[in-house]
Amino acid sequence: MNHTPPPIVSRYKGNPILTHEDIPYPVATVHNAGVTKHNGRYVMLFRSHRENGRSILGLADSADGFKFVAREKPFITPATDGAFAEYEAYGVEDARICAIDDGYLITYSAYSKHGVRIALARTHDFESLERIAMISQADMRNIVIFPEKIDGRYARLDRPHSEISPWSIWISYSEDLVHWGDSRVVMKPVTYHWDEMKIGPGATPIKTPRGWLHIYHGVFPTMDGSVYRLGVCLHDLQDPSKVLGVCDRWILQPEDPWEITGYVHNVVFTCGAVPEDDGTVKIYWGGADKVMCVGTANLAELVDLCLHDSRPAF
Ligand code: BMA
């Protein structure tokens with residue numbers, strides 16, 4: 001008898017959907033992509049390691065969200081002049097896309113000899129890009145911006161580093177997208193739990209009738225290195241600093257060969273998910289920091305898991 005429960009996330013049979021072999025310029029990996037819909041088509045902003053170990057961001061387009069074609073040239077490479085150049089010199093990584101106002105905000109990790117911090121840029125058409133500001137100091141990764149203002153302010157989930165506490169998810173607010181503050185911690189790893197080592201924001205939060213659904217990553221340390229998995233939590237619609245529930249279980253863990261072995265083994269890592277009109281959500285993840293994968297889940301089921309199979313946010 002088979003006692004395996006049906007998977008929460010159904011993997012697409014054609015995974016991996018994009019690899020370095022599909023890219024028309026030399027790269028070693030394709031992973032950790034932000035994804036959104038623009039004019040009815042899917043746009044994927046993926047990260048690639050160059051063969052010097054530093055990363056750039058490229059674009060791929062799709063009509064159905066499964067079959068993507070990469071563009072001829074990368075979209076974001078480290079700035080070579082101006083205020084951003086000093087902080088992007090070691091590469092740009094892990095972009096998230098937030099559709100808001102009349103365009104798309106892009107947050108990405110900027111690496112340099114000064115550490116890692118987050119840059120904010122905007123596009124209206126995925127053809128041209130305007131860099132807006134560096135929106136954190138060093139030691140911050142994984143910023144996702146809520147796709148609506150809350151009480152007149154932009155809101156974001158972020159992940160500062162800390163030596164005292166395991167790395168946790170915080171919330172911050174801004175009136176102008178440039179200056180952020182009013183920060184407080186909203187969710188922490190739980191000891192001897194699948195996410196006990198660190199957690200970080202994943203995909204741009206999705207609005208549902210019962211709250212903002214956030215797909216995040218959690219890390220567990222083992223004798224064989226760390227394992228990256230995905231989980232879900234739900235934030236209050238009016239006050240997203242309130243976590244209404246965190247699903248006790250992971251929703252996705254490395255299982256396919258290209259998730260177990262690659263550039264960094266045992267990693268599934270998300271930077272983007274696209275909700276569909278039929279109540280499903282397409283979740284995109286990097287497999288082993290090497291390839292891009294996609295799977296489908298039911299949004300109401302994910303919300304139920306947060307509310308009815310939950311562990312404390314702290
Ligand atoms: C994190 C980030 C991610 C990466 C993950 C697994 O710290 O660097 O970009 O996917 O590690 O290597």
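Atoms within each ligand, like the ligands themselves, are counted from 1 in listed order. Please read all numbers here as calculations on a predicted model, not as lab measurements.
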Practice task
Answer yes or no: does an N/O atom from Asp289 fall short of 3.5 Å to an N/O atom of ligand 1?
Solution key: yes
Exercise for the section: Examine the side chains of Tyr173 and Asp151 and answer whether a donor and an acceptor come within less than 3.5 Å of each other. Expected result: no
Exercise for the section: Please say whether Glu93 places an N or O atom under 3.5 Å from an N or O atom belonging to ligand 1. Expected result: no
Exercise for the section: Considering only NZ, NE, NH1 and NH2 on the basic side and carboxylate oxygens on the acidic side, decide whether Arg122 and Asp101 come within less than 4.0 Å. Expected result: no
Exercise for the section: Would you mind checking which non-hydrogen protein atom is closest to atom 9 (O) of ligand 1, with the distance to 0.1 Å? Expected result: Asp94 OD2, 2.6 Å
Practice task
For atom CD of Glu276, decide whether the heavy atoms of other residues, nucleotides or ligands shown that lie under 6.0 angstrom number more than 12.
Solution key: yes
Practice task
Give a yes or no on whether Arg50 atom CZ has more than 12 heavy-atom contacts from other residues, nucleotides or ligands under 6.0 Å away.
Solution key: no
Completion exercise
Here the atoms of ligand 1 under 4.0 Å from any heavy atom belonging to Asn32 are 3 (C), 4 (C), 9 (O), 10 (O)
Practice task
Assess the side chains of Tyr228 and Asp289: does a donor N or O sit below 3.5 Å from an acceptor N or O?
Solution key: no
Problem - Tyr111, any N or O under 3.5 Å of ligand 1 N or O - result: no
Exercise for the section: Please could you name the atoms of ligand 1 that Tyr228 approaches to less than 4.0 Å, counting only its heavy atoms? Expected result: 1 (C), 5 (C), 6 (C), 7 (O), 11 (O)
Exercise for the section: With heavy atoms of Val264 as the reference, note each atom of ligand 1 found under 4.0 Å away. Expected result: 12 (O)
Problem - Trp194 ring center near Tyr216 ring center (under 6.0 Å) - result: yes
Practice task
Would you check whether Arg141 reaches within less than 4.0 Å of ligand 1, judged by its heavy atoms?
Solution key: yes
Exercise for the section: Kindly check if the number of other-residue, nucleotide or ligand heavy atoms within 6.0 Å of CD (Glu51) is above 12? Expected result: no
Problem - Per-atom contacts, ligand 1 versus Arg47 - under 4.0 Å to a heavy atom - result: 9 (O)
